[in-house]
K.L.:
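For reference, the structure I am asking about is given below.
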Amino acid sequence: MSGLDDPMGADGAGGEDGPVHGEPAKADWMYTFADLVSLLLTFFVMLFAMSSLQDDRFQEIASSLGARLNLTQAVPAPRPSASVDMPSVLIPRAVDLDYLRRIMTTKLAQLPMAERIPDLELRRENGRVVLSLPADSLFPPGSADLVPGARRVLFLLGESLSVFANRVSVEGHTDPIQIQNDRYPSNWELSIDRAASVARALRQSGYTKTIAVYGHGSSRFDDVDIRLPRDERYAKSRRVDVLIDEPEAEGFGS
């Protein structure tokens with residue numbers, strides 16, 4: 001057989017132990033390299049685990065870096081204190097009308113005689129305390145401007161009411177004689193303006209709660225005792241009533 005017919009070739013090339021054309025050479029060295037890297041990584045992890053971190057040194061380095069970089073330091077939130085200094089709050093409460101009537105009677109009795117309003121009436125009526133103020137002692141005829149002496153009484157009244165939470169309303173009344181002036185076209189306008197003047201004076205005395213204001217003109221004239229002489233009956237119909245309601249449900253005014 002000639003050399004051309006021998007598949008191995010003349011020098012044995014292409015045999016079972018020789019390299020095959022086109023295959024990459026085996027990289028056995030990579031296995032050894034991977035084992036070495038794994039051992040080095042394990043070694044460094046063990047070194048880090050056995051080392052002790054110097055916290056004070058770390059804080060010093062961090063502070064130095066923060067100062068150089070001008071970093072904003074976090075401000076700790078204020079911690080709650082067990083000592084609380086809160087101002088006390090007075091919550092007015094509605095009181096019994098009999099008790100309120102006694103207080104108002106005592107207050108009004110403390111006024112000097114020269115400052116007292118004659119014919120002032122304080123009574124219980126339909127579940128209310130009614131303080132009737134004669135208009136002739138509060139205002140000039142045909143006017144709703146309070147006279148100086150009336151302001152002292154209204155100031156004392158507003159001061160007494162300001163510590164309670166009972167509802168307060170003010171009602172103005174006139175006699176049946178129709179008013180004739182340029183300021184008020186009817187008795188109704190005069191009555192409501194006088195009621196507003198009294199409510200305004202109570203407000204100026206320090207009473208801060210809501211005050212309802214009504215004007216009735218002469219529509220309540222028939223409520224005055226018909227047995228009284230005519231002039232006295234007319235005088236009683238010219239008035240401003242301050243009405244104080246009974247206490248309502250618990251919690252009202254708080």
Side-chain angles (χ1 to χ4, degrees), residues 97 100-101 104 107-108 111 114-226 228-246 253:
L97 291 185
L100 182 58
R101 182 183 178 184
M104 294 175 61
K107 287 281 188 180
L108 293 172
L111 286 171
E115 296 181 1
R116 295 184 186 182
I117 295 180
D119 299 327
L120 183 148
E121 294 183 5
L122 184 62
R123 64 184 185 275
R124 285 286 300 269
E125 185 178 284
N126 299 326
R128 293 173 167 181
V129 166
V130 180
L131 178 64
S132 286
L133 303 169
D136 294 348
S137 299
L138 300 178
F139 311 99
S143 173
D145 299 327
L146 288 167
V147 298
R151 294 187 179 276
R152 172 60 180 162
V153 175
L154 294 176
F155 180 86
L156 189 63
L157 176 61
E159 187 181 49
S160 301
L161 293 175
S162 63
V163 297
F164 304 118
N166 300 66
R167 290 186 182 275
V168 173
S169 57
V170 180
E171 299 181 353
H173 304 269
T174 67
D175 59 29
I177 302 174
Q178 292 300 313
I179 190 171
Q180 295 179 358
N181 63 28
D182 296 334
R183 186 173 180 180
Y184 300 107
S186 71
N187 287 4
W188 177 79
E189 281 88 357
L190 175 63
S191 66
I192 195 169
D193 203 8
R194 284 179 168 179
S197 294
V198 171
R200 193 177 301 113
L202 294 177
R203 179 79 66 187
Q204 292 171 351
S205 71
Y207 185 83
T208 59
K209 292 177 280 295
T210 302
I211 303 175
V213 176
Y214 304 94
H216 297 290
S218 60
S219 62
R220 303 288 178 86
F221 176 71
D222 291 339
D223 294 343
V224 183
D225 191 351
I226 61 175
L228 295 175
R230 180 181 181 276
D231 290 345
E232 185 177 351
R233 192 180 181 200
Y234 272 50
K236 283 187 173 294
S237 65
R238 297 188 298 270
R239 67 188 187 279
V240 176
D241 291 339
V242 178
L243 300 97
I244 305 153
D245 289 349
E246 286 274 16

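Residue numbers count from 1 along this sequence.
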K.L.:
Indicate every side-chain donor-acceptor pair of residues 211-221 with a distance under 3.5 Å to a residue at least two apart or in another chain.
P.N.:
unit_1: His216; atom_1: NE2; unit_2: Glu171; atom_2: OE1; d: 3.4
unit_1: Ser219; atom_1: OG; unit_2: His216; atom_2: O; d: 2.7

K.L.:
For a quick test of reading the model, state the closest non-hydrogen atom pair linking Ser205 to Gly158 and the distance between them.
P.N.:
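Of all heavy-atom pairs spanning Ser205 and Gly158, the closest is OG-CA, 3.2 Å.
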K.L.:
Would you indicate whether the side-chain heavy atoms of Leu243 and Val168 approach each other to under 4.5 Å?
P.N.:
no
K.L.:
Test of understanding: with salt bridge (charged side-chain N to carboxylate O under 4.0 Å, His left out), list the residues that count as partners of Asp231, not counting sequence neighbours.
P.N.:
none
K.L.:
Which residue pairs pass the salt bridge (Lys or Arg N to Asp or Glu O under 4.0 Å) test when at least one of the two sits in residues 134-148, sequence neighbours left out?
P.N.:
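Applying salt bridge (Lys or Arg N to Asp or Glu O under 4.0 Å) to every pair that reaches into residues 134-148, excluding sequence neighbours, yields Asp136-Arg238, Asp145-Arg183.
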K.L.:
Answer whether the closest heavy-atom distance between the side chains of Arg239 and Val224 falls below 4.5 Å.
P.N.:
yes
K.L.:
Where is the tightest heavy-atom contact between Asn181 and Gly142, given as atom of each residue plus distance?
P.N.:
ND2-O, 3.3 Å
K.L.:
Could you tell me which non-hydrogen atom of Arg203 sits nearest to which non-hydrogen atom of Thr210, and how far apart they are?
P.N.:
NH2-CA, 4.1 Å
K.L.:
Ala195 and Val240: which non-hydrogen atoms are nearest, and at how many Å?
P.N.:
CA-CG1, 4.3 Å
K.L.:
Looking at every heavy atom in both Leu202 and Leu154, which two are closest together, and how far apart are they?
P.N.:
CD2-O, 3.4 Å
K.L.:
Using the side chain to side chain contact (heavy atoms under 4.5 Å, CB included) criterion, which residues pair with Leu120? Sequence neighbours excluded.
P.N.:
Leu108, Ile117, Leu131, Leu133, Val153
K.L.:
State the CG-CD1 distance between Leu190 and Ile179, to the nearest 0.5 angstrom.
P.N.:
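Answer for the CG-CD1 pair, Leu190 versus Ile179, is 4.5 Å.
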K.L.:
Do Phe139 and Val147 have side-chain heavy atoms sitting under 4.5 Å apart?
P.N.:
no
K.L.:
Is there a side-chain contact between Arg194 and Leu138 in this structure, where contact means two heavy atoms from C-beta onward sitting under 4.5 Å apart?
P.N.:
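The answer is no; the side chains never approach within 4.5 Å.
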K.L.:
With sequence neighbours left out, write down each residue that passes side chain to side chain donor-acceptor pair (under 3.5 Å) with Ser132, or none if nothing qualifies.
P.N.:
Arg123, Asp241
K.L.:
For Thr174 and Ser191, work out which heavy atoms get closest and say how close.
P.N.:
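That closest heavy-atom pairing would be CG2-CB, 3.8 Å.
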K.L.:
Would a 4.5 Å heavy-atom cut-off, applied to side chains only, mark Ile226 and Arg233 as touching?
P.N.:
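Yes, at least one pair of side-chain atoms sits under 4.5 Å.
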K.L.:
Within the 4.5 Å heavy-atom criterion, are Ser143 and Tyr184 side-chain neighbours or not?
P.N.:
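A side-chain contact is absent here, since even the closest heavy-atom pair is not under 4.5 Å.
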K.L.:
Can you tell me how far apart OG (Ser237) and CG (Asn187) are? Round to the nearest 0.5 Å.
P.N.:
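Between atom OG of Ser237 and atom CG of Asn187 there are 9.5 Å.
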K.L.:
Check side chain to side chain contact (heavy atoms under 4.5 Å, CB included) between Glu232 and all other residues, then give those that pass, not counting sequence neighbours.
P.N.:
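Glu232 satisfies side chain to side chain contact (heavy atoms under 4.5 Å, CB included) with Leu228, Pro229, Lys236 once adjacent residues are dropped.
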